[in-house]
Amino acid sequence: MKSDIRKRARTRLDERLQALQPTDRFRAPPKGWIRALRDALGMTGAQLGARIGVRPQTVESIEKSEAAETIQLNTLRRAAEALDCTLVYALVPNSALEAVVEARARKIATRELQRVAHTMRLEAQGTDNADFESRVQAYIRDRLSERDLWNEV
């Protein structure tokens with residue numbers, strides 16, 4: 001039951017995050033979004049600093065930390081508000097979440113079944129490779145839960 005709920009949750013998240021693909025559209029400008037927006041608006045560092053409530057030197061530090069990807073989210077949010085912008089924060093999976101879960105389960109099942117097959121070959125009890133795919137599917141279905149997929153490295 002819980003796996004069905006998680007599967008539906010993955011599907012809903014994938015649908016919501018699909019609008020953010022491809023992610024390269026959101027790549028920050030070389031000097032960062034704050035600097036790009038401030039320059040586009042014709043706003044000086046001192047003016048932005050006054051709106052945020054910090055010194056102009058701090059604005060320069062904020063812009064550098066954003067460009068270096070070390071800025072804190074709360075600082076970025078304050079700068080966005082001062083620029084009359086909305087900070088949008090998301091983690092966008094590189095592939096469908098269901099595919100990530102399936103690939104991880106397949107990797108674990110294959111590794112475990114190959115280990116067993118190797119041991120059986122050493123004992124002259126090798127199995128036919130023709131049904132390997134069905135054994136992988138059965139192993140995933142019968143032995144793996146979604147929570148167990150992430151315990152191993």
Side-chain angles (χ1 to χ4, degrees), residues 1-116 129 131-153:
M1 182 68 173
K2 284 187 179 181
S3 65
D4 288 341
I5 293 169
R6 282 193 291 271
K7 189 171 186 171
R8 282 193 305 256
R10 286 192 293 269
T11 301
R12 283 192 307 268
L13 276 171
D14 280 337
E15 288 169 356
R16 286 183 66 192
L17 294 170
Q18 184 61 39
L20 298 177
Q21 295 289 357
T23 57
D24 60 345
R25 297 179 300 150
F26 304 107
R27 186 168 292 126
K31 292 185 178 181
W33 290 109
I34 298 170
R35 177 66 184 265
L37 288 164
R38 182 175 65 76
D39 286 348
L41 293 170
M43 187 183 294
T44 67
Q47 291 167 330
L48 180 57
R51 294 182 75 145
I52 299 175
V54 299
R55 299 175 315 169
Q57 297 87 340
T58 304
V59 170
E60 183 180 346
S61 173
I62 289 170
E63 290 174 347
K64 285 181 181 178
S65 70
E66 183 201 0
E69 298 181 356
T70 59
I71 193 166
Q72 293 184 2
L73 279 175
N74 63 340
T75 303
L76 191 56
R77 183 170 283 110
R78 286 178 33 224
E81 289 169 359
L83 291 164
D84 195 28
C85 294
T86 301
L87 175 63
V88 178
Y89 175 83
L91 299 176
V92 182
N94 294 321
S95 57
L97 294 172
E98 192 63 27
V100 171
V101 169
E102 288 172 8
R104 180 66 180 166
R106 173 171 286 291
K107 180 179 178 180
I108 292 169
T110 301
R111 183 182 63 223
E112 291 299 317
L113 291 173
Q114 284 176 339
R115 194 177 300 154
V116 169
N129 283 338
D131 66 332
F132 187 74
E133 178 59 29
S134 63
R135 286 186 287 143
V136 167
Q137 292 301 321
Y139 188 93
I140 291 169
R141 182 187 63 244
D142 300 338
R143 301 244 177 127
L144 292 177
S145 76
E146 292 171 0
R147 298 274 186 211
D148 294 338
L149 297 178
W150 313 108
N151 291 336
E152 302 176 31
V153 178

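Residue numbers start at 1 and run along the sequence shown.
Only one option out of I108, V100, V101 pairs with R104 in a side-chain contact (heavy atoms from CB on, under 4.5 Å); it is I108.
Across every non-hydrogen atom of M43 and L83, the tightest pair is SD-CD2, 3.9 Å. I62 and I34 make their closest contact through CG2-CD1, 3.6 Å (heavy atoms, listed as atom of the first residue, atom of the second, distance). For I52 against A79, the heavy-atom pair with the smallest separation is CD1-CA, 3.9 Å. Listed here is the closest heavy atom pair of V59 and G45: CG2-O, 3.4 Å. The nearest pair of heavy atoms linking A36 to P29 is CB-CG, 3.8 Å. Closest approach of G32 and A67 over heavy atoms only: N-CB, 4.5 Å.
Rounding to the nearest 0.5 Å places CG of L41 at 9.5 Å from CG of L48. Between the OG1 atom in T86 and the CG atom in D84 there is a gap of 8.0 Å [rounded to 0.5 Å]. Remark: R6 CZ to L13 CG distance equals 13.5 Å, nearest 0.5 Å.
Listed by first and then second residue, the side chain to side chain donor-acceptor pair (under 3.5 Å) pairs that reach into residues 12-25 come to none, sequence neighbours excluded. Pairs engaging residues 28-53 under the side chain to side chain donor-acceptor pair (under 3.5 Å) rule: R35-D39, R38-E63, T44-Q47 [sequence neighbours left out].
In N74, the CG atom is crowded: over 12 heavy atoms of neighbouring residues, nucleotides or ligands sit closer than 6.0 Å. Counting heavy atoms of neighbouring residues, nucleotides and ligands inside a 6.0 Å radius, atom CD of Q72 does not exceed 12 of them.
Remark: K64 engages E60 in a salt bridge, criterion side-chain N to carboxylate O under 4.0 Å. Using a 4.0 Å cut-off between charged nitrogen and carboxylate oxygen, R135 and E112 do not count as a salt-bridge pair.
Checking side-chain atoms of S61 against main-chain N and O of Q57 turns up no donor-acceptor pair under 3.5 Å. No donor-acceptor distance shorter than 3.5 angstrom exists from the side chain of T110 to the backbone of K107, with no hydrogens or angles considered.
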